[in-house]
Amino acid sequence: MERLDGEVKKTMKQRTKISNVTLVCYIRLILRFCLLIITSFYYIADKTKGNELIFGGTEGHNRLLPVLAVLFGAEMVFRFFPSAHESKGCHKQFCGNYVSRNVRNMDTVRKQSGKGTGIVILSWTALNLLVALLYFTRVLDWGFLLLISIFYSVCDIICILFFCPFQAWMMKNKCCGTCRIYNWDYAMMFTPFILIHNQFAYALVFLAVALLVRWEIAFFRHPEWFSEQTNERLSCAGCTEKLCIHKRQLKSVLRKGKAGGPSVGEIHPQLEHPQQTGDGLRNAR
């Protein structure tokens, strides 16, 4: 028991240090949220004044889309290459992030890794078909579509740090590191841009689709890279990012007031399920 308490205290101290990946996520969240607030303000101001020009121009020529193309375009280009500032969740497509671990039948691994993706596709398609319907019936204009995409970008980071409905309700995956659709983020984010007739919007959609295709090709060629069962880097013992701690802390806050404090598993998942990492407490170190 004393040894277990010591491991828990040691783990809690380790958790006080924020990882580089987590820090980058927080910075992106702040920047994207500020971008959403600023663009919403200008959109409302333009519509209130009855301006025909939105964001300083027309759908084909305006000031905002080139800025978004540079900001998000740079992010997507960097995503094509390994980076210490990106989560291993989006780097499963690179062989350098694969460490073999008890390889099983690949058909089984592929089936388990792809669990829930069909529901995600259907739900996302239904949502954006509704957006498209509102656009074609002139309830929404191209400026509002742009705001929706920026809103999606904020939600993307919220899913990583705090709560992800795709993870919790559809895919049931353990964490972002094992997420089958991690690199679908930009394709989902810029879905509304398909309807915007602008060269910069088309450029962002093209890059997003290229990332998606690159990811899917890697998955179908090497499903073992994407599963915790076959890739040691995706296990709790091999994780240095600890992005899941934010979601666990949120759950702990929501449960505040109930009898007892956070469980050992909420503090460190390895201590609750030591069999997942093979050597339990020794690997937790």
Side-chain angles (χ1 to χ4, degrees), residues 12 14-46 54-56 62-91 124 127 131 143-168 175-177 179 181-193 196 200-201 203-205 207-208 211 239-254 256 266:
M12 292 179 70
Q14 291 173 343
R15 289 299 179 88
T16 59
K17 184 178 179 180
I18 190 171
S19 67
N20 289 336
V21 173
T22 306
L23 179 61
V24 169
C25 285
Y26 271 116
I27 293 174
R28 284 179 175 172
L29 177 62
I30 293 171
L31 292 178
R32 292 183 183 185
F33 182 75
C34 291
L35 180 63
L36 177 62
I37 295 299
I38 294 172
T39 51
S40 297
F41 172 80
Y42 277 104
Y43 177 81
I44 293 173
D46 287 337
I54 304 176
F55 302 124
N62 61 81
R63 300 171 184 172
L64 183 56
L65 273 170
V67 175
L68 296 183
V70 172
L71 294 177
F72 288 105
E75 286 187 15
M76 285 189 279
V77 169
F78 282 120
R79 185 69 70 83
F80 281 100
F81 307 96
S83 170
H85 301 295
E86 288 279 10
S87 170
K88 287 185 177 67
C90 67
H91 283 164
W124 193 253
L127 172 62
V131 172
F144 202 88
L145 294 181
L146 195 149
L147 292 181
I148 291 176
S149 283
I150 298 176
F151 174 73
Y152 284 167
S153 75
V154 174
C155 293
D156 173 51
I157 305 299
I158 291 176
C159 285
I160 295 174
L161 291 176
F162 304 111
F163 176 76
C164 177
F166 303 112
Q167 174 191 357
C175 64
C176 291
C179 181
I181 63 171
Y182 199 111
N183 260 24
W184 291 17
D185 53 352
Y186 287 105
M188 298 172 77
M189 189 186 310
F190 294 119
T191 302
F193 275 24
I196 299 178
F200 294 104
L204 288 172
V205 171
L207 280 174
L211 271 177
C239 179
T240 59
E241 300 160 8
K242 311 304 179 187
L243 290 169
C244 61
I245 188 59
H246 300 284
K247 295 176 182 177
R248 292 182 178 275
Q249 288 174 338
L250 179 60
K251 290 179 181 178
S252 180
V253 170
L254 294 176
K256 190 175 181 180
E266 288 177 330

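All values below were derived from every heavy atom in this structure, side-chain atoms included, with hydrogens, water molecules and symmetry-related copies excluded. For reference, positions follow the sequence shown, starting with 1. A quick note: this is a predicted structure, and the numbers were derived from the prediction, not measured.
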Can you list, pair by pair, the side-chain donor-acceptor contacts under 3.5 Å of residues 65-79, counting residues two or more places apart and other chains?
| unit_1 | atom_1 | unit_2 | atom_2 | d |
| --- | --- | --- | --- | --- |
| Glu75 | OE1 | Arg32 | NH2 | 2.7 |
| Glu75 | OE1 | Tyr186 | OH | 2.5 |
| Arg79 | NH1 | Asn183 | OD1 | 2.7 |
| Arg79 | NH1 | Asp185 | OD2 | 3.4 |
| Arg79 | NH2 | Asp185 | OD2 | 3.2 |

(request) Evaluate the side-chain proximity of Asp156 to Met188: yes if any heavy-atom separation is below 4.5 Å, no if none is. (result) no
(request) Can you see which heavy atom on Ser149 is nearest to which on Phe190, and at what distance? (result) OG-CA, 4.1 Å
(request) Could you pull out the closest heavy-atom pair between Ala168 and Phe163, with the gap in Å? (result) CB-CE1, 3.7 Å
(message) With rounding to the nearest 0.5 angstrom, report the CG to CZ distance, Leu35 to Arg28.
(response) 14.0 Å
(request) Kindly give the heavy-atom pair with the smallest separation between Val131 and Tyr152, and that separation in Å. (result) CG2-OH, 4.3 Å
(message) Under the side-chain contact (heavy atoms from CB on, under 4.5 Å) test against Phe193, which residue among Leu145, Val205, Ile148 passes?
(response) Val205
(request) Check the angle between the aromatic planes of Phe144 and Tyr43 and answer parallel, tilted or perpendicular using the 30° and 60° thresholds. (result) perpendicular
(message) Once rounded to the nearest 0.5 Å, what's the spacing between atom CD1 of Ile157 and atom CZ of Phe33?
(response) 13.5 Å
(message) Please give me the minimum heavy-atom distance between Asn62 and Ile54, naming the atom from each residue.
(response) CB-O, 4.0 Å
(request) Kindly compute the distance separating SG (Cys159) from CZ (Phe166), expressed to the nearest 0.5 Å. (result) 6.0 Å
(request) Show the numbers, then the answer: is there a side chain to side chain contact (heavy atoms under 4.5 Å, CB included) between Ile38 and Phe41? (result) CA-CA 5 Å; Ile38 294 172; Phe41 172 80; 5.7 Å; no
(message) So which atom in Ser87 and which in Leu243 form the shortest heavy-atom distance, rounded to 0.1 Å?
(response) OG-CD1, 4.1 Å
(message) Show, in sequence, the C-alpha distance, side-chain angles and deciding distance for Ile181 and Trp124, and conclude whether the side chain to side chain contact (heavy atoms under 4.5 Å, CB included) test is met.
(response) CA-CA 12 Å; Ile181 63 171; Trp124 193 253; over 6 Å; no
(message) Do His91 and Ser83 make a side-chain contact, defined as non-hydrogen atoms from C-beta onward lying under 4.5 Å apart?
(response) yes
(message) Could you measure the distance from the CD1 atom of Ile158 to the OG atom of Ser153? Nearest 0.5 Å is fine.
(response) 9.5 Å
(request) Working to the nearest 0.5 Å, report the span between CG of Leu146 and OG of Ser40. (result) 10.0 Å
(message) Let me confirm one number: the CG-OG1 distance from Asn20 to Thr240, rounded to the nearest 0.5 Å.
(response) 9.0 Å
(request) Provide the closest heavy-atom pair for Tyr182 versus Cys90 in the form atom of the first, atom of the second, distance. (result) CD2-CB, 3.3 Å
